[in-house]
Chemist: 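Just dropping this structure here.
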Amino acid sequence: MSETKALESMIGEEYKYGFTTDVEYEDFPTGINEDVVRLISEKKNEPEWMTEFRLKAFRAWKEMEEPDWFNATYEKPKFDKLQYYSAPKNKPKLDSLDDVDPKIRETYEKLGIPLEEQKALAGVAVDAVFDSVSIFTTFKEKLAEAGVIFCSISEAIQNHPELVKKYMGSVVPARDNFYAALNSAVFSDGSFCYVPKDTICPMELSTYFRINNMNSGQFERTLIIAEENSHVSYLEGCTAPMYDEHQLHAAVVELVALENAEIKYSTIQNWYSGDEDGKGGIYNFVTKRGACRGDNSKISWTQLETGSAVTLKYPSVILQGDNSVGEFYSVAVTNNRQQADTGTKMIHLGKNTKSTIISKGISAGKSDNSYRGQVKFSKKADNARNYSQCDSMLIGQTCGAHTFPYIESANPTAKVEHEATTSRVGEDQIFYLQQRGLSEDDAISLIVNGFAKEVLKELPMEFAVEANKLLGIKLEGSVG
Amino acid sequence: MLELKDLHVEVEGEGIEILKGVNLKVKKGEIHAIMGPNGSGKSTLSKVVAGHPEYEVTKGDILFEGESILELDPDERAHKGVFLAFQYPVEVPGVTNNTLLRESYNTIAASMGREELDPLEFEDYIKDKLDLVQMDPEFLNRSVNTGFSGGEKKRNEIFQMAVLQPKLSLLDETDSGLDIDALKIVSNGINQLHGEDDAVVLITHYQRLLNYITPDYVHVMMGGKIVKSGEKELALELEEKGYDWLEDLATVNGEAK
């Protein structure tokens with residue numbers, strides 16, 4: 001399978017991932033209470049400390065109020081109507097591909113993510129998460145040779161409890177926010193990655209998230225730990241069937257980089273975004289945060305956000321180690337009735353810490369696209385620096401773009417540079433390119449790709465080409 | 001090659017008539033210059049032929065190689081070999097000249113049944129064209145028109161013309177904003193590109209471009225019509241007398257219609 005083809009399938013033309021897989025699910029009660037939380041833990045055979053972690057989080061969540069400070073309006077999820085755990089009945093043992101339900105295997109084939117290693121994208125290991133459970137992880141042995149642990153979080157809880165115990169909740173505490181608390185109580189599965197000291201992870205790691213069940217929320221939990229002098233690059237992709245009802249996706253991702261370590265985390269988010277009138281689509285309420293714990297460490301977030309009905313997401317970096325580096329590269333595309341409020345937080349604690357924020361928002365249709373970013377310098381962050389650039393592009397007359405930058409500095413030696421621009425894709429620009437022979441859609445695609453180039457070039461090479469394509473497809477026919 | 005028949009044009013939705021019955025015939029191998037004061041409709045004319053959506057043809061027809069192109073989108077006209085060198089070339093940040101040109105070239109080549117070029121072949125092909133307008137190869141890696149000086153933008157238009165090899169080139173005030181050296185480079189490029197099989201329509205306010213490019217015919221546009229046509233000597237006459245002496249002609253014709 002060629003690289004291009006794999007990506008094509010991953011990203012899709014129109015929304016070709018709207019199909020549903022007909023699998024039998026285990027019975028599980030609807031709604032949420034302590035018994036449900038215990039039941040999830042029980043289903044997963046979790047040790048006592050994990051159950052306690054969940055219960056504590058649940059109790060905290062019950063006391064919290066759903067936030068509403070973002071620039072988006074939507075019908076709140078009905079938490080008592082949701083199903084918090086959704087596992088296919090023929091749950092595989094996860095050690096042999098033959099145990100995977102053929103229908104689910106087929107689903108991933110259809111999505112262009114073959115789980116047979118010989119068919120997979122060269123150099124990319126995949127963890128496939130279907131609704132609440134991890135279905136299969138490829139290339140485990142090969143990674144193990146290098147000492148890299150890459151598995152589902154459920155397996156990690158069983159097999160590497162000391163690591164999970166030490167790091168889970170250390171970057172995003174259970175009480176951090178409403179959705180993080182909910183996730184901490186009911187998280188179902190997700191990926192776990194541990195890169196030992198002095199190791200460069202030999203492959204690109206990726207997780208492919210798929211929501212299938214109509215009434216279930218997806219609460220995945222990802223934890224990546226890079227020990228001293230290690231390096232890892234990780235990519236996640238997301239799709240979901242088309243349903244008229246909204247579905248909730250509330251993930252928590254935690255990254256820990258120790259001394260001289262580097263984590264590169266990329267996202268291609270293409271959840272179903274609802275129809276033209278805003279019917280259906282995913283609520284993507286995600287907490288992502290990385291901690292640069294060691295000196296000279298680096299965490300880099302790159303995201304291409306094109307899907308979801310509503311996105312609230314602020315991948316952040318806590319720059320604790322001296323000389324540590326945080327980066328955030330984002331392209332957020334909204335069309336039709338989509339709403340995105342996304343950005344980052346860069347918290348400078350260490351000396352000489354450096355952060356870069358490049359955000360490109362593209363709005364079309366009747367959508368709303370907001371950048372929200374916070375840059376904070378603590379007292380001790382001597383000579384810390386931030387560079388922020390937030391550009392918005394509008395297509396058509398009925399969409400909105402907004403920028404909300406917050407800067408707080410408690411250290412006079414800190415330096416901040418902030419640039420922001422807003423532009424509109426004009427009739428003249430399109431006419432110019434059409435005069436050069438390009439179709440209207442190709443013209444828009446070219447303009448948008450040019451606009452987003454600085455960010456797209458940060459994506460892993462295997463995915464960059466098709467990411468370009470996704471942008472074009474997403475905006476097809478958006479100039480009426 | 002190009003024939004305009006009693007062409008009437010309004011700004012879409014505004015009901016203001018800008019072209020009021022233009023007739024023009026351009027044959028293969030010819031160079032036509034269209035001159036006239038500001039606001040006479042010269043630039044509109046070129047944009048209408050290229051298919052700008054802002055304008056609506058209310059009457060008359062545009063024939064290209066004998067067929068009406070009125071219903072064609074701008075890209076479809078480009079595929080047939082219509083090229084417009086813009087008076088104000090548009091910036092496309094983040095898209096390199098090279099990317100745009102290769103995509104343009106291949107799109108047009110495909111629709112004309114010519115062979116498409118891969119990146120390496122294209123690189124070879126494009127090299128000579130750079131010399132024609134004396135441009136540095138580094139220029140190919142710069143974003144389209146972004147941060148270009150006025151002169152560079154105009155040279156870029158002629159460069160694109162060289163690469164795309166259109167049948168009909170409409171050059172809209174390509175000479176404006178050029179210093180004398182750039183004017184010479186641009187004119188020289190146009191002269192070299194022009195041959196027996198293509199046609200050029202120069203739209204210009206000033207006669208000075210015509211010192212370097214010799215037109216076969218000169219037309220004067222005033223008030224949305226061609227009020228006088230002649231050979232290259234007409235340009236000199238205009239240089240000397242200005243446009244005022246033709247004003248009567250414009251009104252008389254206007255009333256006669």
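Within every chain, numbering begins at 1; the chains are lettered A, B, ... in the order of the sequence lines, protein sequences first and strands thereafter. FYI, side chains are in, hydrogens and waters are out, and symmetry mates aren't considered; it's all heavy atoms of this structure.
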Chemist: Could you tell me which portion of P166(B) (side chain, backbone, both or neither) has an atom closer than 4.5 angstrom to a non-hydrogen atom of chain A?
Modeler: neither
Chemist: For F451(A), is it the side chain, the backbone, both or neither that has a heavy atom under 4.5 Å from a heavy atom of chain B?
Modeler: backbone
Chemist: Is there side-chain contact between V95(B) and N449(A), with heavy atoms separated by less than 4.5 Å?
Modeler: no
Chemist: How far apart are the closest heavy atoms of Q435(A) and V82(B), and which atoms are they?
Modeler: NE2-O, 2.9 Å
Chemist: Taking all atoms of both residues into account, what is the closest heavy-atom pair of S104(B) and R436(A), and its distance?
Modeler: OG-O, 2.8 Å
Chemist: Using a distance-only test with no angle check, is there a side-chain donor-acceptor pair under 3.5 angstrom linking D428(A) and Y88(B)?
Modeler: no
Chemist: So which heavy atom on F431(A) is nearest to which on P53(B), and how close?
Modeler: CD1-CD, 4.0 Å
Chemist: What part of T99(B) is in contact with chain A, defined as an atom under 4.5 angstrom from a non-hydrogen atom: side chain, backbone, both or neither?
Modeler: side chain
Chemist: Looking at every non-hydrogen atom in both residues, tell me the closest pair between Y432(A) and V144(B) and how far apart they are.
Modeler: CE2-CG1, 4.1 Å
Chemist: With the side chain counted from C-beta on, respond yes when L438(A) and E103(B) share a heavy-atom pair under 4.5 Å apart, and no when they do not.
Modeler: yes
Chemist: Identify which part of E91(B) has an atom lying under 4.5 Å from any heavy atom of chain A, answering side chain, backbone, both or neither.
Modeler: backbone
Chemist: Taking all non-hydrogen atoms of both residues into account, name the closest pair between H79(B) and G437(A) and its distance.
Modeler: NE2-O, 2.7 Å
